[in-house]
Every structure is written in structure tokens, then in C-alpha cells.
Amino acid sequence: MADLYRKGMEAERRRLWAECRLKGLAKDTPERLRIVELDKLLSAHAAKSADR
């Protein structure tokens with residue numbers, strides 16, 4: 001079954017990363033901080049899914 005939660009987070013991360021690359025945003029901007037947060041959420045979700 002499709003993991004829509006993971007796909008949604010990955011899509012948001014790709015969109016933010018493209019925006020940061022296009023605009024040349026620094027590391028301490030809200031967009032870059034959200035990418036870091038999404039990375040943590042994705043790894044936690046992957047660990048939880050692996051336990052099942």
C-alpha cells in the first residue's frame with residue numbers, strides 16, 4: 001500500500017529544496033530549517049516503518 005504520509009513529506013522537501021536552490025537561500029532561512037525538520041521526520045518514519 002502507498003505510504004501517502006512519506007510521499008507528502010518527500011514532495012514538500014523537493015519543492016522547498018528547489019526553491020532554495022533557485023533563490024540561493026542561506027542555511028538559516030525558514031525554508032532550509034523546514035528541510036532539516038522534514039529530514040528528521042522522514043528518518044523517524046522510516047525507522048518506525050522498519051519496526052513493523
State the [atom1]-[atom2] distance between [X] and [Y], to the nearest 0.5 angstrom.
X	Y	atom1	atom2	value
Glu19	Thr29	CD	OG1	8.5 Å
Lys48	Leu41	NZ	CG	10.5 Å
Met9	Leu42	CE	CG	4.0 Å
Lys27	Ile35	NZ	CD1	12.0 Å
Leu38	Lys40	CG	NZ	11.0 Å

* Does Leu25 offer a backbone N or O that forms a donor-acceptor pair with the side chain of Arg32 under 3.5 Å? ->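 Confirmed, Arg32 side chain pairs with Leu25 backbone.
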* **Non-neighbouring partners of Arg34 that pass salt bridge (charged side-chain N to carboxylate O under 4.0 Å, His left out), sequence neighbours left out** =>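 Arg34 satisfies salt bridge (charged side-chain N to carboxylate O under 4.0 Å, His left out) with Glu12, Glu37 once adjacent residues are dropped.
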* Pairs in or reaching into residues 11-37: which pass ring-ring contact (aromatic ring centres under 6.0 Å, His included), with residues at least two apart or in two chains? ->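 Residue pairs with at least one partner in residues 11-37: there are none.
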* Pairs satisfying ring-ring contact (aromatic ring centres under 6.0 Å, His included), at least one member in residues 20-52, at least two apart ->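 Qualifying pairs: Tyr5-His45.
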